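A short worksheet on the structure shown next.
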Amino acid sequence: DSGVTQTPKHLITATGQRVTLRCSPRSGDLSVYWYQQSLDQGLQFLIQYYNGEERAKGNILERFSAQQFPDLHSELNLSSLELGDSALYFCASSVGPPGYNSPLHFGNGTRLTVT
Amino acid sequence: KNEVEQSPQNLTAQEGEFITINCSYSVGISALHWLQQHPGGGIVSLFMLSSGKKKHGRLIATINIQEKHSSLHITASHPRDSAVYICAVRNTGNQFYFGTGTSLTVIP
């Protein structure tokens, strides 16, 4: 058990809708990362937060947004959903700030299906 | 253009064999991660490397910064090692790049 909790495990929704994915990091970890894994593009880095602040941005679409709250949990909001957004969304956490290399701890992922 | 290349894409081995998975990258990195993903989908971080070599049980990971290359070795492979192994690098700008993964099947 990594200590990282992601909810929900599965989500099925229709095109055009908006969903929120939630991640609680491992106790003591201040950094949260979001990744997308799709069949055609593999794993892609979306965004990183450290102690409530956005610190690095990857291939995150403008329709997607994220935030990290004072209790360090994070939410990834996906809006105007398209069929191509169907994927596994992983959250990971680590103890260190950007520039400090520390191991990643992954949640079990949220499987999003857009119909 | 892929910043991270892994080989082989697929690998089948007999139980007990020594296995090597290779990863080459083209960006300057602050760290390289080896990840394991089982058929259920969950991802486990096996190693984080910025230099040298690390060992955990039957798994060994090495990195050569000058050659921009890393290897993951599994000694005395076992069917429970069957999984997808993914190489990921974090560059100096805090971006992550992932290889496409090596699917390993170990036959009893």
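Letters A, B, ... mirror the listed sequences (proteins, then strands); counts begin at 1. Keep in mind the model is a prediction, meaning the values are calculated, not measured.
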Exercise for review: Any chance you could measure H33(B), atom NE2, to S94(A), atom OG, to the nearest 0.5 Å?
Suggested key: 8.0 Å

Practice item. Indicate if L78(A) and I60(A) have the same hydrophobic cluster label, given that clusters are the connected sets of ILVMFWY residues with side-chain heavy-atom separations under 4.5 angstrom. Key: yes

Exercise for review: Please say whether more than 12 non-hydrogen atoms of neighbouring residues, nucleotides or ligands are located less than 6.0 Å from CG in D85(A).
Suggested key: yes

Check your understanding: Does I19(B) belong to the same Ile/Leu/Val/Met/Phe/Trp/Tyr cluster as Y85(B), with side-chain heavy atoms less than 4.5 Å apart forming each link?
Key -> yes

Exercise for review: Identify the heavy atoms of I43(B) and F106(A) that sit nearest to each other, and give their distance.
Suggested key: O-CB, 3.3 Å

Check your understanding: Are I107(B) and F18(B) connected in a single hydrophobic cluster, I mean Ile/Leu/Val/Met/Phe/Trp/Tyr linked by side-chain heavy atoms less than 4.5 Å apart?
Key -> no

Point to revise | Cluster overlap L88(A) with Y33(A), hydrophobic side-chain contacts below 4.5 Å | key: yes

Practice item. Would you give the length of the straight line joining atom CZ of F96(B) to atom CG of L104(A), rounded to the nearest 0.5 angstrom? Key: 5.0 Å

Practice item. State yes or no: do I29(B) and Y97(B) share one hydrophobic cluster built from I, L, V, M, F, W and Y residues joined by side-chain heavy-atom distances below 4.5 Å, directly or via other members? Key: yes

Point to revise | Short side-chain to backbone donor-acceptor contact, Q95(B) and K57(A), under 3.5 Å | key: yes

Practice item. Identify which of A88(B), G101(B), A31(B) forms the greatest number of heavy-atom pairs closer than 4.5 Å to chain A. Key: A31(B)

**Study point:** Contact listing (chain B partner; residues 37-46 of chain A; heavy atom under 4.5 Å)
**Key:** Q37(A), L43(A), Q44(A), F45(A)

Check your understanding: Roughly how far, to the nearest 0.5 Å, is CD of Q48(A) from CG of N94(B)?
Key -> 5.5 Å

